[in-house]
**Student:** 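One structure, as structure tokens, below. Some questions next.
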There are 2 protein chains.
Amino acid sequence: MEAQHSFSWLDERKRSILQAVIEDFISTGEPVGSRTVARKYELGVSPATIRNEMADLEELGYLEQPHTSAGRLPSDLGYRYYVDYLMEHPRLSNDDIWRIRQIYDRCTRGIETLVQITTQVLAEVTDYLALVLAPSLLSTAVRAIQIIPLSPGQALLLVVTENGIVESRVLQVPPDLDESELARISYVWQKHLRGLSLDQISSAVLRMLASEMSGYRALLDQIMELLEQALSPSDEERVFLAGATNIMRQPEFRDVEKLRMLLSALEQREMVCTLLAGHGSQDQNMDVFIVIGGENRHPAVRDCSLVVAPYRVGEAEAGRVGLLGPRRMEYGRAVSVTEYVTTHLAETLTRFWK
Amino acid sequence: MEAQHSFSWLDERKRSILQAVIEDFISTGEPVGSRTVARKYELGVSPATIRNEMADLEELGYLEQPHTSAGRLPSDLGYRYYVDYLMEHPRLSNDDIWRIRQIYDRCTRGIETLVQITTQVLAEVTDYLALVLAPSLLSTAVRAIQIIPLSPGQALLLVVTENGIVESRVLQVPPDLDESELARISYVWQKHLRGLSLDQISSAVLRMLASEMSGYRALLDQIMELLEQALSPSDEERVFLAGATNIMRQPEFRDVEKLRMLLSALEQREMVCTLLAGHGSQDQNMDVFIVIGGENRHPAVRDCSLVVAPYRVGEAEAGRVGLLGPRRMEYGRAVSVTEYVTTHLAETLTRFWK
DNA sequence: CCTTAGCACTCCTGGAGGGAGAGTGCTAAG
DNA sequence: CTTAGCACTCTCCCTCCAGGAGTGCTAAGG
């Protein structure tokens with residue numbers, strides 16, 4: 001799916017220089033000149049030599065110049081080479097580890113809250129915009145189904161899954177349906193559906209049930225429709241987002257119009273879903289993948305980079321965690337943090353799954 | 001609570017000029033000159049006369065000049081006079097009405113969703129930032145309390161209120177507690193608490209219950225703690241916000257740093273609560289109230305204005321709806337929309353309350 | 001006494017010009 | 001192949017200047 005990059009061979013010195021330019025640019029945000037590279041990163045050669053090398057790197061497509069006689073900055077391809085071959089992941093500081101672990105130590109509330117707090121901490125720790133795709137419920141088993149009468153004509157349908165997620169809907173019911181009848185319906189449903197996973201409860205099963213309870217046609221149709229909705233909870237509701245104000249600190253977003261475009265796009269949750277889910281399944285071994293600037297499909301994020309890591313519960317991928325930042329983001333750190341978070345998130349979620 | 005404004009008496013012509021300046025400034029965002037007023041708003045006098053009047057209005061504190069030889073723009077006091085005496089509420093267009101009604105026609109989901117959608121539509125219709133305080137649950141009766149076993153050692157506590165709100169928590173329970181015991185506990189709880197409103201279920205009642213079930217000390221302590229949390233659900237969770245990107249279209253927020261300060265502040269939900277709840281109870285008849293720029297307590301919103309309307313269910317105030325925009329906001333329209341929305345929101349909620 | 005035309009004045013704005021600074025590419029020497 | 005030297009280019013920032021908008025004042029007119 002993703003474009004295969006054909007990298008030119010770079011000798012050791014070119015690699016060092018490329019790395020120096022990228023890391024300097026990442027930390028300062030200013031185009032990097034040959035003098036700076038020679039001074040800060042001691043390569044034992046003069047600025048003039050570095051200039052020659054940098055000219056080569058530009059010709060090979062790894063660096064760009066905003067204009068003649070400015071320093072160089074990395075192109076998308078340069079960043080790509082960097083994250084694929086040069087980058088190192090730093091160890092997380094104790095402070096970071098402490099902040100992250102804190103989430104998982106006191107998780108008395110349900111999965112939703114867990115994921116939401118994860119998103120917030122991720123944003124706080126990294127200073128980027130955090131995106132998290134909550135685990136899909138499709139493969140979890142139904143623990144209980146209940147219909148609780150509220151007022152004449154209204155009842156509440158509750159679906160509780162094995163791992164403590166509660167979905168509820170208000171139903172319009174025939175006003176003459178009394179409490180004991182509702183309880184009976186509740187009971188029959190629960191008997192048939194309990195233990196099945198949400199994706200096993202197909203329309204077919206529902207229809208079978210329907211025939212068994214032909215007395216309550218209208219009600220059943222309604223319930224079925226709602227259950228089907230609950231079964232495949234819209235993606236929108238599974239996306240969590242935090243730290244939008246973080247990226248406003250980045251000089252690349254000094255322009256409000258750019259910012260508005262980006263944030264408006266992120267308000268559309270399906271878009272975020274495809275952003276997180278779209279890439280990266282090609283390489284099973286890669287547990288973190290990175291999408292750099294223009295590699296992105298969505299024009300709205302074409303000058304952002306995205307670091308995404310899936311998290312698993314059992315064997316299957318359950319959801320994804322992402323960090324969105326400027327192209328000039330600290331990839332190494334972002335990777336370390338997402339890795340750490342996904343590991344511990346997966347661990348904690350597994351406890352919920354039993 | 002709020003500062004009493006002492007307005008100087010303004011004759012008819014001054015009022016017209018003040019109104020003209022304010023309305024022009026609201027629609028253009030540019031300081032308004034005497035020439036413009038004379039031309040666009042036909043008052044039958046020359047620019048020179050208007051200049052004299054505007055100088056008076058400035059001296060009285062209703063207008064300001066960004067610098068000598070720029071046009072005038074309204075001061076906070078000017079806006080205050082405008083909203084108190086000059087402003088008219090436009091009728092909503094059919095399109096607006098249609099968009100708002102659409103929310104309430106298909107509200108199959110619960111209150112939370114209803115409030116959330118309300119917030120979104122409010123933002124869309126007005127192009128401002130919408131803030132909604134969801135109804136407090138304190139005075140609603142508990143319909144059902146259930147404990148559903150999940151896995152050994154874990155159970156889900158469900159509290160369902162009369163109007164269909166579901167609060168749930170995952171509990172750690174002694175692993176040797178089996179399903180039937182949990183069901184029994186569930187039953188006793190439900191028997192005692194059903195029909196009581198959340199604020200009636202005081203710790204005292206809980207403690208009485210505790211003595212009746214002394215076998216399960218540890219579990220009870222846990223449940224009590226969690227119930228008390230559920231009783232007074234933190235304010236944070238009751239605040240809904242939408243349309244943050246709308247205000248980025250306003251020229252007064254071209255500055256990213258200003259924007260970041262504002263949005264960071266709004267991320268703190270308690271702050272939003274005090275913002276919405278802090279003002280306005282002094283005048284019972286006033287159903288919409290307006291806080292203009294510097295009248296605001298929070299420095300972060302000191303160059304925004306806020307239009308707030310409470311909505312009632314039955315007699316009591318249930319929550320509040322607010323629109324946050326630049327000082328230069330279309331107050332009339334904002335008032336019309338919030339009024340319309342609160343009316344219909346209250347109506348729909350009342351159906352939920354029975 | 002209020003209104004208005006005329007006019008000088010103030011201040012912002014945008015564009016032009018110019019020097020400083022940073023960094024490059026080229027050339028020629030080591 | 002490396003490096004010093006140097007001319008060149010481009011941005012950035014400052015200043016300067018004219019244009020425009022709007023005011024305040026004054027004096028004349030109703």
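Just so it is clear: chains get the letters A, B, ... in the order the sequence lines come, proteins before strands, and each one is counted from 1.
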**Student:** Please name the nucleotide paired to C:dG30 by Watson-Crick or G-U wobble geometry with both distances under 3.5 Å, or report none.
**Tutor:**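 The answer is D:dC1, by the H-bond criterion.
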**Student:** Send over the distance from A:Glu53 CD to C:dG25 C1', rounded to a whole Å.
**Tutor:** 15 Å
**Student:** Between C:dG25 and A:Arg72, is there an OP1 or OP2 to side-chain N/O distance shorter than 4.0 Å?
**Tutor:** yes
**Student:** In whole Å, what is the span from the CG atom of B:Asn52 to the P atom of D:dC25?
**Tutor:**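 About 9 Å, once rounded to whole Å.
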**Student:** Consider only side-chain N and O atoms of B:Tyr41 and B:Asp24, and report whether a donor and an acceptor are under 3.5 Å apart.
**Tutor:**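 Their side chains do contain a donor-acceptor pair, which is all the 3.5 Å distance test asks for.
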**Student:** Would you mind pulling out the nucleotide paired to D:dG19, Watson-Crick or G-U wobble, both distances under 3.5 Å?
**Tutor:** C:dC12
**Student:** Choose from D:dT23, C:dG23, C:dT24 the nucleotide whose nearest atom is closest to any side-chain atom of A:Thr36.
**Tutor:**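 Closest of the options to the side chain of A:Thr36: C:dG23.
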**Student:** Is any side-chain N or O of A:Thr49 closer than 4.0 Å to OP1 or OP2 of D:dT3?
**Tutor:**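 So the side-chain polar atoms of A:Thr49 do come within 4.0 Å of the phosphate oxygens OP1 or OP2 of D:dT3, strictly under.
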**Student:** Is it the case that the side chain of A:Lys14 and the backbone of A:Asp56 share a donor-acceptor pair, with hydrogens and angles ignored and the cut-off at 3.5 Å?
**Tutor:**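 Pair absent, no side-chain N/O of A:Lys14 close to backbone of A:Asp56.
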**Student:** When you measure from the side chain of B:Arg328 to the backbone N and O of B:Ile26, does any donor-acceptor pair fall under 3.5 Å?
**Tutor:**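 Yes: the side chain of B:Arg328 pairs with the backbone of B:Ile26.
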**Student:** Nearest to the side chain of A:His67 - D:dT11, C:dT24, C:dA5?
**Tutor:** D:dT11
**Student:** Can you measure A:Ile50 atom CD1 to D:dC1 atom P for me and round it to whole angstrom units?
**Tutor:**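 A:Ile50 atom CD1 is separated from D:dC1 atom P by 17 Å.
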**Student:** Over how many whole Å does the gap from B:Leu73 atom CG to D:dT23 atom P extend?
**Tutor:**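 So the CG-P distance, B:Leu73 to D:dT23, works out to 12 Å.
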**Student:** Taking the nucleotide of DNA chain C with the closest heavy atom to each, which residue, B:Pro66 or B:Pro47, is nearer the 5' end?
**Tutor:**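 Taking each residue's closest nucleotide, the earlier one in sequence belongs to B:Pro47.
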**Student:** Is there a side-chain contact between B:Arg13 and the phosphate of C:dT3, meaning an N or O under 4.0 Å from OP1 or OP2?
**Tutor:**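 So the side-chain polar atoms of B:Arg13 do come within 4.0 Å of the phosphate oxygens OP1 or OP2 of C:dT3, strictly under.
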**Student:** D:dG22 P sits how many Å from B:Glu30 CD, rounded?
**Tutor:** 10 Å
**Student:** A:Glu59 CD to C:dG25 P: how many Å, rounded?
**Tutor:** 11 Å
**Student:** What I want to check is whether the side chains of A:Gln19 and A:Glu23 have a donor and an acceptor closer together than 3.5 Å.
**Tutor:** yes
**Student:** Regarding A:Ser75 and A:Tyr62, do their side chains bring together a donor and an acceptor under 3.5 Å, going by distance alone?
**Tutor:**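 Their side chains do not contain a donor-acceptor pair, so the 3.5 Å distance test is not met.
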**Student:** Are more than 12 heavy atoms from other residues, nucleotides or ligands located less than 6.0 Å from atom CE of A:Met87?
**Tutor:** yes
**Student:** Can you check the A:Leu57 CG to C:dG25 P distance for me, whole Å?
**Tutor:**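 A:Leu57 atom CG is separated from C:dG25 atom P by 12 Å.
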**Student:** Can you check the A:Arg35 CZ to D:dG5 P distance for me, whole Å?
**Tutor:**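 Whole-Å distance recorded here is 12 Å.
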**Student:** Within the sub-3.5 Å range, which N or O atoms of nucleotides 7-10 of chain C have a protein N or O partner, and how far apart are they?
**Tutor:**
residue, atom, partner, partner atom, Å
C:dT10, O2, B:Ser69, OG, 2.8

**Student:** Donor-acceptor pair, A:Tyr331 side chain versus A:Tyr79 backbone, under 3.5 Å?
**Tutor:**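 Answer holds: no.
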**Student:** Any strand counts, and the cut-off is 3.5 Å on both contacts for Watson-Crick or G-U wobble. Which nucleotide pairs with D:dC8?
**Tutor:** C:dG23
